[in-house]
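All chains are named by letter (A, B, ...) in the order of the sequence lines, taking the proteins before the strands, and each is independently numbered beginning at 1.
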Number of protein chains: 2
Amino acid sequence: MTTIALEANLAEESNPPHRKPHIDREDIMSAALKLLGPNRSVSTISLREVARAAGIAPNSFYRHFRDMDELAVALIERAGEKLRYVIREARQRATTAPSIIRSSIDTFMEQLGAEEQLLHVLLCEGTVGSDAYKQAVEMVLTEFENELQEDLVRLSTEANAPLHRPDLVAKAITRLVFAMGGNALDKSLEEKRAIAEQMMVMVLFLMEGSEAVFKQHGSGDIV
Amino acid sequence: MTTIALEANLAEESNPPHRKPHIDREDIMSAALKLLGPNRSVSTISLREVARAAGIAPNSFYRHFRDMDELAVALIERAGEKLRYVIREARQRATTAPSIIRSSIDTFMEQLGAEEQLLHVLLCEGTVGSDAYKQAVEMVLTEFENELQEDLVRLSTEANAPLHRPDLVAKAITRLVFAMGGNALDKSLEEKRAIAEQMMVMVLFLMEGSEAVFKQHGSGDIV
DNA sequence: CATTTGTCTATACATGTGTATAATAAGTCA
DNA sequence: TGACTTATTATACACATGTATAGACAAATG
């Protein structure tokens with residue numbers, strides 16, 4: 001019925017009979033993003049749904065992606081780039097250690113509410129989904145951790161307050177922020193703000209703790 | 001074809017022609033658990049799959065659960081109970097603060113590899129799935145946090161090392177451990193062990209950090 | 001211009017899904 | 001025993017999904 005009505009529509013309208021002249025990977029990716037929501041993650045949307053949302057025939061999908069999996073990985077990588085870019089920008093607006101933390105977390109939370117559901121892809125379902133998917137998410141997280149670790153080391157030596165195991169500090173911060181971010185996705189603005197505050201305290205704990213342990217044991221193992 | 005072969009089988013065998021005399025919620029729940037795996041989470045398995053695994057007709061499912069959702073929530077609650085029980089037990093085997101942390105994390109990681117995939121239900125996909133599902137997971141986490149907070153307060157006052165915002169320490173620990181646990185699910189035993197070590201250091205950071213902040217600002221707000 | 005090539009669509013098929021309906025077996029109690 | 005209730009199954013329907021095949025149109029090429 002739907003198809004019939006659609007055909008009739010197209011016939012009656014002045015359209016040069018139904019055809020998309022040029023279809024982009026881009027078009028498909030943004031169509032897929034539109035489908036994501038509080039209860040829909042990448043691995044629960046179907047190829048046909050994406051095609052429908054992009055306004056193309058199901059089979060046209062294959063011209064651009066081999067799989068839904070390939071689409072998913074592409075989305076993750078784009079999300080990773082975007083997020084790193086945004087955070088990097090946030091860091092440049094601030095210089096002292098506490099303000100860097102604050103502005104990074106703030107922009108992170110802002111992005112959660114942004115129209116493009118890119119972050120959704122990263123935060124949800126890193127633990128389910130295909131192996132390719134999980135691996136792609138893991139790579140983004142690791143890159144994030146590395147970048148953060150560099151920052152932490154630089155800042156803490158500048159402040160004469162060296163850290164014990166800055167790699168683990170970076171990892172803990174990353175995992176914590178991403179986990180809580182995923183939880184905050186469908187919460188209200190005030191709730192998001194409250195969660196952001198909590199994140200900041202937690203990050204502070206991690207850094208102060210690492211600092212304290214350094215004072216006790218230096219950078220060596222904890223005996 | 002499958003059905004025909006099956007019927008033939010059953011006819012040839014000495015079975016009193018195919019019927020399950022008594023079916024339990026229990027049977028269905030454990031059948032569902034068996035289906036979970038690195039790439040299959042509760043919200044990606046179908047009612048029919050569960051019925052098949054339990055050896056019952058699809059419709060029989062409805063006599064015991066209204067929904068797959070109801071099944072999922074039941075599984076989560078059971079997982080929460082089990083986990084709390086196990087951890088409580090671990091805590092009683094140890095008394096000093098560091099050893100409690102160690103034994104709790106160790107038993108947590110042990111449970112990850114246990115045959116029953118209960119933890120899987122809690123760790124994966126807290127951020128996708130139905131609202132009921134998410135709410136159930138959230139409740140388990142919160143209970144966990146509360147119990148942990150009590151412990152933290154008790155231990156830290158005993159040790160004369162009070163904490164700043166023990167609630168946030170508990171929340172951070174919980175979220176961190178669950179997030180990293182979800183990641184560790186399909187990793188090898190050594191990897192799991194390494195991750196457990198990382199967790200311990202992170203938890204240590206959080207506690208030492210909270211302690212340090214308390215020394216600086218007391219239990220009041222951070223000015 | 002004609003031809004070829006690449007892209008998108010239409011149709012079709014086999015399979016999986018949730019669930020409605022009716023039939024059947026098991027359990028219970030007179 | 002027989003009647004009644006309850007739990008399980010069989011059959012069926014109306015979808016949705018991934019993808020194979022073949023046809024139609026546009027752009028590129030000769």
Next on the checklist: Tell me the interatomic distance from A:Asp67, atom CG, to D:dT17, atom P, rounded to whole angstroms.
Outcome noted: 16 Å

Checklist entry - Nearest-Å distance, OH (A:Tyr62) to P (C:dA10)? => result 17 Å

Checklist entry - In Å and rounded to the nearest 0.5 Å, what is the CG to CZ distance from A:Leu152 to A:Arg165? => result 13.5 Å

Checklist entry - Once you round it to whole Å, what is the distance between P of D:dA10 and CD1 of B:Ile56? => result 12 Å

Checklist outcome for this item: Taking D:dT8, C:dC8, D:dT9 as options, the one with an atom nearest any side-chain atom of A:His64 is C:dC8

Checklist entry - Would a 4.5 Å heavy-atom cut-off, applied to side chains only, mark A:Ile23 and A:Arg63 as touching? => result no

Checklist entry - Taking atom P of D:dG18 as reference, at what distance in whole Å does atom CZ of A:Arg66 sit? => result 15 Å

Checklist entry - Can you give one letter per nucleotide of nucleotides 12-17 of chain C, going 5' to 3': B for a protein heavy atom under 4.0 Å from the base, S for sugar-phosphate only, - for none? => result B----B

Next on the checklist: Rounded to whole Å, how long is the line connecting atom CD1 of A:Ile23 with atom P of C:dG6?
Outcome noted: 19 Å

Checklist entry - When the distance from CG of A:Asp27 to P of C:dT7 is rounded to whole Å, what number comes out? => result 15 Å

Next on the checklist: Within the 4.5 Å heavy-atom criterion, are B:Glu70 and B:His64 side-chain neighbours or not?
Outcome noted: no

Checklist entry - Nearest-Å distance, CZ (A:Phe65) to P (C:dT7)? => result 14 Å

Checklist entry - Just wondering, do A:Phe178 and A:Leu119 contact through their side chains at under 4.5 Å, heavy atoms? => result no

Item to check | Any B:Ser60 side-chain N or O less than 4.0 Å from OP1/OP2 of D:dT9 | outcome: yes

Checklist entry - Tell me: CZ of B:Arg63 to P of D:dT6, nearest whole Å? => result 10 Å

Next on the checklist: Does this structure show an ion pair linking A:Glu197 with A:Arg102, if we count only N-O contacts that are shorter than 4.0 Å?
Outcome noted: yes

Next on the checklist: If you apply the rule salt bridge (Lys or Arg N to Asp or Glu O under 4.0 Å), what do you find for B:Lys34 with B:Glu116, and how did you get there?
Outcome noted: CA-CA 8 Å; B:Lys34 279 187 217 125; B:Glu116 338 159 28; over 6 Å; no

